[in-house]
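Here the structure is laid out as C-alpha cells; the discussion comes afterwards.
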Amino acid sequence: MSEVVSQAESENQGIGAPVRRREDLRFITGDGRYTDDINQPGQLYAAFCRSPYPRVRIDNIDASEALALPGVVAVYTGQQLVDDGLGDLPCGWMVKSKDGTEMISAPHPPMAATVANYVGEPYALVLAETLQIAKQAAELVDTDFTELNAVVDLAHASGSENIYEGIENNLAYEWALGDEDATKMAFARAAHVTTLDLTNNRLIPNALEPRACLGMYERGTGDYTLYTTSQNPHLERLVLSAFVQIAPEHKLRIIAPDVGGGFGSKIFIYSEETSVIWAAGKIKRPIKWVADRSESFLADAHGRDHITRAELAMDEMGRFTGLRVKTTANLGAYLSTFGSSVPTYLYGTLLAGQYKTPNIYVEVQGTYTNTAPVDAYRGAGRPEATYVVERIVDQAARELGKDPADLRRMNMIQPEDFPYETPVALTYDTGNYEASLDKALEMIDYAGFEARQAEAAERGKRRGIGLACYIEACGLAPSKLAIQLGAGVGLYESGEIRMNPTGSVSVFTGSHSHGQGHETTFAQVVSDKLGVSYDDVEVIHGDTGRMEFGLGTYGSRSLAVGGSALMVAAEKVIEKGRKIAAHMMQAQVDQVDFENGQFTLQDSNQSVSIQEVAFAAYVPADYPEDLEPGLTEKAFYDPNNFTYPAGTHVAEVEVDLETGVVQLVDFVAVDDFGHIINPLIVDGQVHGGVAQGAGQALMEHGIYDEYGQLQTGSFMDYTMPRADDLPDFRVDTTVTPCTHNPLGVKGCGEAGAIGSPAAIMNAVTHALGNKDISMPATPEKVWRAIRGE
Amino acid sequence: MYPFNYHKPASVSEAVSLFRNADDPMYLSGGMTLIPTMKQRLAAPTDLIDLSGIPEVSGIEVSADRVRVGAFTRHNDVVRSPEINKTLPVLSHLAGLIGDNQVRNRGTIGGSVANSDPSADYPAAVVGLGATVYTQDRSISGDEFFLNLFETALHPGEIITHIDFPVPTRAAYQKFPNPASRYAVVGVLIAEFAGTIRVGVTGAGPCACRASGMEEVLNQNLTVAALDAVEVPDAGFNSDLHASAEYRAHLVKVMARRALADLLGQ
Ligand SMILES: Cc1cc2nc3c(=O)[nH]c(=O)nc-3n(C[C@H](O)[C@H](O)[C@H](O)COP(=O)(O)OP(=O)(O)OC[C@H]3O[C@@H](n4cnc5c(N)ncnc54)[C@H](O)[C@@H]3O)c2cc1C
C-alpha cells in the first residue's frame with residue numbers, strides 16, 4: 001500500500017511520488033464546475049419524449065396541447081431533425097463478417113423519427129422557460145404509436161422476427177478470428193476437453209454525474225458551443241460535424257468541464273446532446289439538459305451482455321492445445337459509437353490470456369435487440385474475455401483434479417517468450433505473469449486457505465477461493481492497426497507544453513479527466529521531465545477551443561498515449577531550450593547538458609535555468625538569429641503497439657448456507673502496470689475497478705422483462721455495490737516496464753474491473769462445491785444452487 | 001415535480017382542516033417516500049401539509065411498561081434515544097436497520113407506518129409488539145392497522161399522532177435486506193410478553209402480519225428447533241426480481257430462527 005503524503009511535506013512530487021490529487025479539494029468541497037453548474041442568461045430547458053414501448057411505429061405526434069402551455073417555446077420531433085438534413089449517429093468502427101461482408105448498421109437517426117426501437121428512446125424534444133414546464137409539456141405531447149413485435153431475448157433473437165428490413169436474423173455481423181481448422185484439429189487430438197456455458201450480465205454504468213449539456217448558438221458569428229459531459233470532446237466535435245452535420249468543425253466548440261465519472265458511457269454520441277445543440281441553432285437561445293437518474297438508466301449505453309459457449313482442449317499433461325469460443329453479443333437496438341468493436345476486436349483478441357494456447361478460434365454474433373444500445377463499459381471486451389478464459393481454466397483444473405494455480409502456471413507465457421505473438425492477432429511486448437501470481441498467492445496466504453475454510457465452516461459459512469490471471473490490451477491504440485481493423489479514427493494523442501515567460505508551465509492534453517486525476521499525474525510527469533516545481537505546472541483539458549486535437553480518455557490510454565505525447569513535447573521544449581541556453585552561455589549546442597531544470601555547460605560551472613531560458617525566449621533581446629521566439633511545443637504521439645497490463649487477482653468469499661448470501665471477505669490484486677507515476681492514484685483506480693467487478697459478480701444486473709420494459713430502472717432494483725459490501729482490498733504491483741512508450745507505463749484504469757469478476761465467481765463456484773451459476777451470484781440463485789437445483 | 005401549495009400548520013386540528021379544504025391534499029412527514037414519488041411525477045397532490053411544526057405529533061415518552069413515540073419522530077431519534085435503548089432496545093435496533101443515515105435523519109415512524117410499504121421495517125414492530133396506533137379521532141390496534149399493499153385502516157385526512165408500544169420481557173428483530181434498496185425482503189420480529197409469544201412479519205406478503213403458526217408452536221416450546229416443524233406456505237407472498245415467493249417463505253423461517261436465537265441469547 002502506498003502512503004499518503006501531503007503535498008506540502010513531500011519533497012518529491014515527480015514521477016513515482018504518491019502525490020494527493022490536486023483536483024480533489026474542489027471536488028470534495030463542492031467547488032467543482034460541472035455542466036449543470038454552468039448557466040447562460042435566457043437559457044431554455046429541454047425535456048424529451050421517450051418511447052414507452054420497445055418497438056413502435058410513430059404514427060402521429062400532436063404537440064398542440066404542449067405548445068399551448070404557457071412557457072413552452074418549441075417542440076421538435078425526430079422527423080424534423082431528419083428533414084433538416086441531419087445525418088445518422090454513426091458507428092465509428094466497421095467490423096467485417098467472417099464471409100468478408102461489411103457489418104450492417106441499423107439506421108440511427110439523431111432522434112427516433114418513424115420508428116423507435118427501445119424503451120426510453122427519445123423521439124421529441126420540448127423546450128420551455130423552466131424545467132418543470134418542459135417536463136409537464138413533454139407529458140402533454142400526444143403521440144399515436146403502433147406497437148410492433150419486440151425482440152428482447154438475446155438467446156433467441158436471431159430466430160425472431162427481423163427488427164430491421166434487410167438485417168436478417170437481427171445480426172449486424174458474424175465475426176470470427178483465429179484458425180478454425182487448426183483449432184478443430186486440436187480438439188480432435190485432445191486428451192481432455194472442458195466445456196462451459198457462460199453469461200456475462202448486462203450492466204448499467206451509473207456515473208455519479210448523469211449526462212448533461214448546455215448548447216449555445218452565437219447569432220453574430222454563427223458559432224456553436226456545447227458544454228457537455230464528454231470523455232472525448234474532439235471526437236464528439238468530429239462526429240457532430242462530419243457525420244451529423246451540425247456545423248463545420250471550426251464553428252463548433254465542445255467543452256467538457258469537470259465531469260463526474262464516465263466508465264465509457266460518456267464516450268458516445270447520443271441523441272440528447274445532438275438534438276440540443278441542433279435546437280440551440282434553430283431557436284437561437286441557450287438550452288440546458290440534465291438527465292435525471294431514470295433517464296440515465298434507460299438511455300445511457302449499457303455494458304457487457306454476452307452468452308458464450310467455451311471449450312478448452314488439453315493434452316495428457318493439462319497443457320492447453322486449443323480454445324474455441326462462440327459468443328452471442330447483445331448490441332442493443334443500434335450500433336452505438338464503438339458498439340461494434342467491443343465484442344470483437346476488444347474481446348476476441350484477448351482470448352489467449354496469459355497462456356501459450358497455440359490454437360484459438362472465436363466466433364461472435366453481433367445481435368440487435370429492442371433494448372438500449374450496448375457499448376464500452378469499464379474494461380470493454382476485456383472483462384468478458386477474461387471471464388471466459390479464467391472461468392474455463394478453473395473448471396478444467398477441477399475436472400483434471402489439479403490445483404488451479406498449478407494448471408495456470410504450467411501454461412503461462414514465460415518472460416523469455418516475449419515479444420509473444422498470440423494466435424488472435426496481438427503481440428504482447430513484455431510481462432512476467434508468474435511474478436504477480438506468486439506475489440498474490442503469498443499475500444492471500446494460499447497455503448493457509450484450508451484452515452480459513454475450516455474456521456468458516458464452524459460459523460456455518462462455506463468459504464471459497466478463486467483466482468484470475470488476467471491480461472488486457474489497452475493504451476488504445478496504434479492508429480494504423482486500429483484503422484486496418486476498421487476504426488474510423490486514429491488513436492494517437494496530442495499534447496502541448498507552453499513555458500510561460502515567467503517560468504510556469506501550461507500543459508494542454510487531448511486526454512480528458514473525469515475522475516482519473518490527470519491534473520495531478522500529468523503535472524508530475526511534466527514537472528519531473530522539465531525539472532520545474534510541480535506547483536508551477538497546470539494541466540488543461542477538455543475544450544476543443546483550447547487544445548489542438550485529442551481523442552480523449554477510454555481504454556486506459558491517457559497516460560500511455562497522452563502522457564507519452566507530453567514526454568515528446570517536453571523533449572522538444574528541452575531541445576529548443578538547449579539552443580537558447582547555448583546562446584546565453586556563448587557555447588555550442590552540443591556542449592549543453594540538461595538535468596533537473598538546469599542547462600549546464602559541460603566542464604564548467606556555468607548554467608542557466610529553464611525559467612531563465614523561457615524568459616529569454618519571450619524577451620529575445622540577445623537571442624539566436626535563426627530561432628523563433630517563444631517556448632511552446634506540441635506533439636502527437638501514436639503508439640506502435642497496445643500496452644498489456646496483466647496480473648493476478650485472488651478473491652475469497654463466504655457463502656451463508658441458509659440464505660445464499662455471498663460475502664466477499666478478502667481480495668488481493670497484484671497488477672503489473674509497468675512504471676507507476678503516482679501509486680496513490682493507481683491504488684484508487686484498482687480499488688474502484690475491483691468494486692465495479694465485485695458489483696458485476698455479485699450484484700449488478702440490467703434486466704428487461706419479456707415485454708422489453710427495463711425492470712432495473714432505479715437504484716431500488718439495480719444493485720450498486722456499496723462500501724459496506726466490500727472488504728479492504730489488498731493491492732500491490734510487480735513491474736515490467738512497457739517496452740515501447742517513453743514512460744514505460746501500461747495503464748491501470750480498467751484492470752480492476754477486468755480481473756475481479758472471474759476471480760470472485762471462481763471463488764463462489766469453489767465455495768459451492770464446483771457448482772456453476774451465472775453472474776451475478778445473487779442470494780436466491782446461490783440458495784437454489786445450494787439446494788441442488 | 002408538479003406545482004403544489006405548501007402549508008405548515010401548528011396543530012393537528014389546523015392540519016385536518018387544511019386537509020378538508022383542499023382538492024387533493026397529502027400530509028408530508030419526513031418526505032422520504034413522498035418526495036421521491038412526487039419527483040418521479042407519480043404523485044401530484046395539490047396541497048402538501050407539512051407535519052413538522054406540530055408539537056402534538058412529536059416527542060418520545062417512556063414508562064416501565066410502554067413506549068410512546070410521536071408520529072413525527074425521525075428514525076435516528078429512535079436509534080439514539082437512551083430511554084428507548086434501555087426499555088425497548090429492539091425498536092432502536094430495528095430503526096437502525098432502516099435505509100441509510102440520510103434516510104434515517106429525515107424519515108419518521110408515522111410516515112413509515114401510514115405508508116404500509118410491504119417491505120418497510122416498522123410495521124413488523126407495530127404488529128409484532130402489538131402496538132396501538134393513535135390518530136386525532138381514535139386508537140387502532142396494531143393487528144388491525146395494516147390492510148393491504150400501501151393500504152391501512154386510516155380514513156382520508158386521519159393523522160397518526162403517536163404509536164404506543166407495550167414493553168415485552170424480551171424481543172428481537174432480524175431483517176434480510178434487499179441488496180439494492182436495503183428495504184426488508186423479509187423481516188421478523190419476535191417478542192415475549194409474560195409467557196406469550198408474538199411474531200410480526202414484514203416483507204413477505206402484501207402488508208405486515210402476524211405469523212400465528214409460529215406463535216402457536218413457540219407458545220408451547222420456545223426453542224429454535226421448534227420452528228423447524230412450522231410450515232411457512234408461500235401462497236400470497238410477494239415475488240419480484242430479488243426474491244420469489246418460495247424464497248421469501250424460506251427466509252421467513254431463517255429470519256425467525258435467527259430472531260429467536262437472539263431473543264434467547266444464543
Ligand atoms: C433510500 C431509501 C431507503 C429506505 N429504506 C428503508 C428501509 O430499509 N426500511 C424502511 O422501513 N423504510 C425505508 N425507507 C422509507 C423511509 O423509512 C421513509 O421514511 C418512510 O417510508 C416514510 O416516512 P416519511 O416520514 O419519510 O413519510 P413521507 O414520505 O413524508 O410520507 C409517506 C406517506 O405517509 C403519509 N403520512 C406521513 N405522516 C403521516 C401521519 N402522521 N399520518 C398520516 N399519514 C401520514 C404521507 O401523506 C405519505 O402518503 C427508505 C427510503 C429511502 C428513500
Side-chain angles (χ1 to χ4, degrees), chain A residues 47 69-71 130-140 204 206 292-295 297 460 656-663 694-695 698-705 709-725 776-784 786-787 789, chain B residues 1-4 32-33 36-42 44 96-97 99-103 117-120 174-188 203 224 227-228 234 237-259 261 266:
Chain A
L69 195 70
T130 72
L131 179 61
Q132 294 311 327
I133 297 173
K135 285 196 171 182
Q136 199 177 340
E139 285 171 8
L140 294 176
I204 304 180
N206 279 307
D292 61 30
R293 187 58 65 181
S294 308
E295 292 182 288
F297 270 103
D656 179 331
L657 293 174
E658 283 186 317
T659 60
V661 168
V662 177
Q663 181 84 36
L698 301 175
M699 293 164 242
E700 296 182 50
H701 196 183
I703 301 172
Y704 285 91
D705 68 15
Q709 296 292 336
L710 184 64
Q711 289 191 289
T712 52
S714 84
F715 292 133
M716 293 296 282
D717 286 309
Y718 187 86
T719 313
M720 290 293 278
R722 297 174 202 180
D724 67 353
D725 291 316
T778 48
E780 179 162 359
K781 215 187 274 176
V782 174
W783 173 69
R784 292 193 180 278
I786 294 166
R787 295 207 312 172
E789 285 179 27
Chain B
M1 208 182 268
Y2 298 95
F4 55 86
M32 290 293 95
T33 294
T37 321
M38 289 172 67
K39 282 187 171 172
Q40 287 183 296
R41 310 175 78 79
L42 298 172
L97 299 176
D100 47 52
N101 235 331
Q102 287 87 336
V103 167
D117 186 312
S119 50
Q174 279 279 344
K175 165 180 184 175
F176 187 88
N178 176 314
S181 73
R182 304 262 169 116
Y183 274 83
V185 169
V186 161
V188 177
V224 175
L227 283 172
D228 290 341
D234 62 17
F237 275 14
N238 308 324
S239 180
D240 57 31
L241 280 183
H242 301 280
S244 65
E246 183 190 8
Y247 181 51
R248 276 191 159 81
H250 168 75
L251 288 176
V252 168
K253 217 158 151 175
V254 176
M255 292 302 114
R257 275 207 299 263
R258 291 182 182 182
Q266 290 169 355

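Just the heavy atoms: all of them, side chains too, but no hydrogens, waters or symmetry mates, feed the values below. Lettering of chains follows the sequences in order, A, B, ..., and the numbering in each one begins at 1.
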Evaluate the criterion side-chain hydrogen bond (donor to acceptor under 3.5 Å, both in side chains) for residue pair A:T659 and B:R258; output intermediate values, then yes/no. CA-CA 11 Å; A:T659 60; B:R258 291 182 182 182; 4.8 Å; no
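- Remark: A:E139 CD to B:Y2 OH distance equals 3.0 Å, nearest 0.5 Å.
- For chain A, the option among B:K39, B:E246, B:Q40 with the highest count of heavy-atom pairs below 4.5 Å is B:E246.
- A:M699 does not touch chain B: none of its heavy atoms, backbone or side chain, sits under 4.5 Å away.
- Taken from CZ in B:R182 to CE in A:M716, the straight-line distance is 12.5 Å, to the nearest 0.5 Å.
- A pairwise comparison of heavy atoms in A:T719 and B:A180 identifies OG1-CB, 3.3 Å as the closest pair.
- With values rounded to the nearest 0.5 angstrom, A:H701 atom NE2 is found 9.5 Å from B:L241 atom CG.
- Within the 4.5 Å cutoff, the side chain of B:L251 has no heavy atoms near those of the A:W783 side chain.
- With hydrogens and angles ignored, the 3.5 Å screen pairs a side-chain donor or acceptor of A:Q132 with a backbone N or O of B:M1.
- For B:H250 (side chain) and A:E658 (main-chain N/O), a donor-acceptor pair under 3.5 Å exists by modelled atom type.
- Contact annotation for A:P721: neither backbone nor side-chain heavy atoms come within less than 4.5 Å of a heavy atom of chain B.
- To the nearest 0.5 Å, atom OG1 of residue A:T778 and atom NE2 of residue B:H242 are 9.0 Å apart.
- How far OG of B:S181 is from OH of A:Y718: 15.5 Å, rounded to the nearest 0.5 Å.
- With a 4.5 angstrom heavy-atom cutoff, A:R784 touches chain B only via side-chain atoms.
- B:K253 pairs by the salt bridge (Lys or Arg N to Asp or Glu O under 4.0 Å) definition with nothing, not counting sequence neighbours.
- In terms of heavy-atom pairs under 4.5 angstrom with chain B, the leader among A:K135, A:Q711, A:R722 is A:R722.
- The shortest heavy-atom contact between A:E780 and B:S244 is OE2-OG, 2.5 Å.
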